[in-house]
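Values reported hereafter were calculated over all heavy atoms of this structure, with side chains retained and with hydrogens, waters and symmetry mates removed.
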Amino acid sequence: FSHGPEEHLARMGCAPLRAAGQPRILLGGLGLGYTLAAATRALPQKRATFVVAELIPELAEWNRQHLADLHPGLWKDPRIRVNTASVCEIMRETAEGYHAILLDTANGPEACSGAASDDPYTPDGLRIAADALKEGGLLAVWSATKDPSLEKRLRNAGLDVTRESVPAVNKGKQKRHHSIWLARKGTYQSQHQRRSQ
């Protein structure tokens with residue numbers, strides 16, 4: 001019932017790419033598909049690519065079989081590719097680079113567990129993310145807490161950082177907020193801008 005922050009993450013991370021002809025998006029974590037569905041709505045380009053890193057293969061199949069009605073048509077979208085691998089593994093192996101990387105794992109940096117080499121929120125993980133971004137690309141991170149140390153780690157990875165506060169729930173009177181960190185690598189230029197130079 002509380003999926004507003006995931007949708008904010010996707011919209012904010014994809015917003016600069018609405019004019020891009022072939023945006024490449026990497027999502028760390030599938031969950032119940034809210035971030036992925038919001039990203040595909042934000043970027044309707046036919047030649048967009050959405051790569052999902054999900055360690056649990058059964059979760060992807062569960063989404064397709066049991067949650068198809070939650071996001072009508074999502075799993076018929078040919079632009080989506082689900083890889084059974086850690087997001088760090090996929091970031092290390094990319095040759096083309098991504099216009100945006102959306103990290104939506106667990107409840108954010110403080111909740112991540114597992115091997116340090118597969119933790120995208122460590123200093124090494126964030127440098128891997130920065131290397132996997134195209135020039136002007138955006139790393140968007142959702143966190144259930146403010147996590148004051150994250151901004152420092154993002155800046156140390158060479159990224160320009162801002163933090164946005166978003167409501168934790170879409171309805172009701174609760175006033176809890178989550179954080180969306182937006183970290184840019186250099187300056188984004190549209191295809192039109194590049195052609196005119």
| Of the non-hydrogen atoms in A140 and L182, which two are nearest, and what is the gap between them? | CB-CD2, 3.8 Å
| task | Please tell me if the side chains of N156 and P123 come closer than 4.5 Å, counting only heavy atoms from C-beta onward. | result | no
| said: Under a 3.5 Å cutoff, is there a donor and acceptor pairing between the side chains of D104 and T35? | reply: yes
| query | What pair of heavy atoms forms the shortest contact from E151 to V161, and how long is it? | reply | CG-CG1, 4.1 Å
| Is H178 reaching over with its side chain to a backbone N or O of V166, donor-acceptor style, under 3.5 angstrom? | no
| request: Check step by step if side-chain contact (heavy atoms from CB on, under 4.5 Å) holds for H66 and W62. | output: CA-CA 6 Å; H66 305 294; W62 191 63; 2.8 Å; yes
| said: Strictly distance-based, threshold 3.5 Å: is any side-chain N or O of E6 a donor or acceptor partner for the main-chain N or O of A38? | reply: no
| query | Is a side-chain N or O of T94 found less than 3.5 angstrom from the main chain of M91, in a donor-acceptor match? | reply | no
| query | Can you tell me how far the CD atom of Q22 sits from the NE2 atom of H99, to the nearest 0.5 Å? | reply | 8.5 Å
| request: Nearest 0.5 Å please: distance from the CG atom of L26 over to the OG1 atom of T49. | output: 11.5 Å
| Just by distance, do the side chain of Q45 and the backbone of R47 share a donor-acceptor pair under 3.5 Å? | no
| request: Could you walk me through whether L74 and L67 pass side-chain contact (heavy atoms from CB on, under 4.5 Å), step by step? | output: CA-CA 10 Å; L74 179 65; L67 297 178; over 6 Å; no
| task | Mark yes or no for whether R153, through its side chain, and Y121, through its backbone, hold a donor-acceptor pair below 3.5 Å. | result | yes
| query | Between CG of L159 and NZ of K185, what distance do you get to the nearest 0.5 Å? | reply | 8.5 Å
| field | N/O donor-acceptor pair under 3.5 Å between K134 side chain and E96 backbone | value | yes
| field | R163 to S179 - nearest heavy-atom pair and separation | value | NH1-OG, 2.9 Å
| message | With side-chain contact (heavy atoms from CB on, under 4.5 Å) as the criterion, how do L55 and S86 come out once you've worked through the C-alpha distance, each side chain's angles and the decisive distance to 0.1 Å? | response | CA-CA 6 Å; L55 284 169; S86 73; 4.0 Å; yes
| query | Parallel, tilted or perpendicular: which fits the ring planes of Y34 and H71, with parallel below 30° and perpendicular above 60°? | reply | perpendicular
| Closest heavy-atom pair and its distance - A60, V82 | CB-CG1, 4.0 Å
| request: Provide the closest heavy-atom pair for I25 versus Y98 in the form atom of the first, atom of the second, distance. | output: C-CD2, 3.9 Å
| request: For the pair R184 (side chain) and G136 (backbone), establish whether a donor and an acceptor sit closer than 3.5 Å, ignoring hydrogens and angles. | output: yes
| remark: In this structure, CD of E164 is separated from CD1 of I180 (nearest 0.5 Å) by 9.0 Å
| task | Taking all non-hydrogen atoms of both residues into account, name the closest pair between N63 and G33 and its distance. | result | OD1-N, 3.8 Å
| request: Output the distance between atom CG (L102) and atom SG (C14), rounded to the nearest 0.5 Å. | output: 5.0 Å
